[in-house]
Amino acid sequence: MAVRSYLSIGEVLISLKTEFPDITISKIRFLEGEGLIEPERTASGYRKFYDRDVDRLRHILKMQRDEYLPLQVIKERLARQEDGSEQLEPPVDQAAADEELVEPPTGLQMTEDEMSAATGVDRERVQELEKYGILCSHGLDGNKYFDGDDYIVLSIVKDLFKYGVEPRHLTMYRHFAERESSLFEAIVLPMLRQRNPDARRAATDSLAELAKLSRKLKQALLRSNLRQYIQTP
C-alpha cells in the first residue's frame, strides 16, 4: 500500500497541539473558511495537508500568538510575502520583542463571533470583559463591532485566563490606565494646543516615551513587591 504524503486534519491537530495548545479542528476549519489556508481535498472531500500547508498554518498561528495580529492583517502579510514584496522576518530576540507595545491594526472591525473565533475566547468571556469595561464595543446595537485595540487586549488577557485570572480581576488595570492616561494627557496638552505639525509629532513622541517609562516603572515596582518569591541566579 502506498504511503500517504499528506496529513489529515486530525493528524495536523496532533502535530501542532504541543506548540499551540489552543488549536482545535474548528479553528483550523475557520482559518480555511477565511481563506488563509487552502488544503486540497480527496475525492471523498477529506482535507489533505501537505508539508507546505502545515508550515503555512504554523506561520499563521505564530503571528496570532506572538504578534497578536488579526486575520486580515495576517492575510495581507502572507500575500506580500508570496509576491516577494515583503520578506519573512528574521528571528528576533524574544525578550526585546516582549518589551515592545503591539501596534493595533487600523480600520479593523470584528463582530463578537469573529473575536471569539479568532482568539479562542468563549463568547461569554468576551461579553463579561465588555461588562467590566476591559473591551469596548463600538457602533449602534444593530451593528456592534470591536476594533484593533480590543483585539490586542483580548489576545493578551486570554493568556492571563490560563492562570485563573477572571475578567473582574482586570478592572484594576482599567482603572490604572484611565488615571495614567489622564496624567499623560495633562503633560502633552500644552504641545497639542500649539496646533502645528511639529508640536503634534513632539506630543506623539512624548506619549510613546512616557508609555515606555511607565511600563519599566511598573515592572520594577512589581519585582520589588515580589522579591521574596523571585529566584535570582
Side-chain angles (χ1 to χ4, degrees), residues 12-13 15-24 26-38 49 52-122 125-126 129 134-136 138 145-163 165 170 173 177 204-205 207-209 211-216 218-219:
V12 171
L13 177 68
S15 69
L16 296 176
K17 195 70 173 176
T18 301
E19 188 175 359
F20 305 98
D22 295 334
I23 189 68
T24 63
S26 296
K27 183 167 186 176
I28 297 174
R29 289 172 176 163
F30 175 77
L31 293 174
E32 181 184 7
E34 292 296 308
L36 279 93
I37 56 174
E38 298 178 352
F49 288 84
R52 63 179 182 275
D53 300 309
V54 178
D55 289 341
R56 182 181 176 91
L57 178 57
R58 179 180 285 106
H59 185 40
I60 291 168
L61 294 173
K62 282 183 177 179
M63 284 190 281
Q64 278 192 302
R65 182 193 63 192
D66 299 342
E67 301 182 61
Y68 305 114
L69 296 180
L71 298 184
Q72 185 58 40
V73 175
I74 291 175
K75 185 183 294 187
E76 292 169 358
R77 177 180 288 189
L78 290 171
R80 291 195 298 271
Q81 291 172 355
E82 288 170 355
D83 64 23
S85 60
E86 178 176 322
Q87 299 296 319
L88 287 173
E89 296 182 1
V92 297
D93 179 69
Q94 190 59 45
D98 288 343
E99 288 293 316
E100 297 300 321
L101 288 175
V102 179
E103 287 293 332
T106 57
L108 180 71
Q109 295 186 6
M110 301 180 75
T111 65
E112 186 178 283
D113 286 338
E114 289 171 336
M115 286 275 281
S116 176
T119 61
V121 178
D122 293 339
R125 279 288 179 92
V126 175
L129 287 165
I134 309 304
L135 300 178
C136 180
H138 311 274
Y145 67 88
F146 296 95
D147 64 14
D149 284 308
D150 295 305
Y151 178 85
I152 297 298
V153 169
L154 183 58
S155 299
I156 294 171
V157 301
K158 176 186 72 172
D159 292 333
L160 289 173
F161 292 156
K162 299 174 183 177
Y163 297 92
V165 176
L170 301 173
Y173 294 104
T204 300
D205 292 342
L207 283 174
E209 181 64 18
K212 184 183 297 184
L213 292 171
S214 171
R215 188 166 65 252
K216 289 181 178 179
K218 281 180 283 189
Q219 289 174 342

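- Every residue was checked against the side-chain hydrogen bond (donor to acceptor under 3.5 Å, both in side chains) condition with Asp205, not counting sequence neighbours, and none meets it.
- Side-chain atoms of Phe20 and Lys62, non-hydrogen and from C-beta on, do get closer than 4.5 Å to each other.
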*Mind running salt bridge (charged side-chain N to carboxylate O under 4.0 Å, His left out) on Arg56 and Glu82 for me, showing each step along the way?*
CA-CA 11 Å; Arg56 182 181 176 91; Glu82 288 170 355; 2.5 Å; yes
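- At least one side-chain heavy atom of Ile60 sits less than 4.5 Å from a side-chain heavy atom of Leu78.
- Looking only at side-chain heavy atoms (C-beta outward), Arg125 and Phe161 come within less than 4.5 Å of each other.
- No donor-acceptor distance shorter than 3.5 angstrom exists from the side chain of Asp66 to the backbone of Met63, with no hydrogens or angles considered.
- Rounded to the nearest 0.5 angstrom, Met115 CE and Phe146 CZ are separated by 5.5 Å.
- Counting heavy atoms from C-beta outward, Leu170 and Tyr173 have side chains that approach closer than 4.5 Å.
- Annotation: side-chain hydrogen bond (donor to acceptor under 3.5 Å, both in side chains) contacts of Lys27 (sequence neighbours excluded): Gln64.
- Partners of Asp122 by salt bridge (Lys or Arg N to Asp or Glu O under 4.0 Å), not counting sequence neighbours: none found.
- From Asp147, atom CG reaches atom CD1 of Ile152 across 10.0 Å, with rounding to the nearest 0.5 Å.
- Residues satisfying the side-chain hydrogen bond (donor to acceptor under 3.5 Å, both in side chains) test with Glu19, not counting sequence neighbours, are Arg58.
- Ionic pairing of Lys162 and Asp159 is present here: one or more N-O contacts between side-chain nitrogen and carboxylate oxygen are shorter than 4.0 angstrom.
- Between the Glu114 side chain and the Thr111 main chain, a donor and an acceptor come within less than 3.5 Å of each other.
- Evaluation of the salt bridge (Lys or Arg N to Asp or Glu O under 4.0 Å) rule for Lys75 yields no partner, not counting sequence neighbours.
- For the side chain to side chain contact (heavy atoms under 4.5 Å, CB included) test, residues two or more places apart in sequence or in another chain that qualify with Ser116 are Arg123.
- Counting heavy atoms from C-beta on, the side chains of Glu38 and Asp53 never come closer than 4.5 Å.
- Residues passing the side chain to side chain contact (heavy atoms under 4.5 Å, CB included) test with Val153, sequence neighbours excluded: Ile134, Leu135, Val157.
- Every residue two or more places apart in sequence or in another chain was checked for a side-chain hydrogen bond (donor to acceptor under 3.5 Å, both in side chains) with Gln109, and none qualifies.
- When side chains are defined from C-beta on, Arg29 does not count as touching Thr24, because their heavy atoms never get closer than 4.5 Å.
- You'll find the side chain of Ile28 stays beyond 4.5 Å of the side chain of Leu16, heavy atoms only.
- For Glu34, the side chain to side chain contact (heavy atoms under 4.5 Å, CB included) criterion is met by Phe30, Leu36, Leu71, not counting sequence neighbours.
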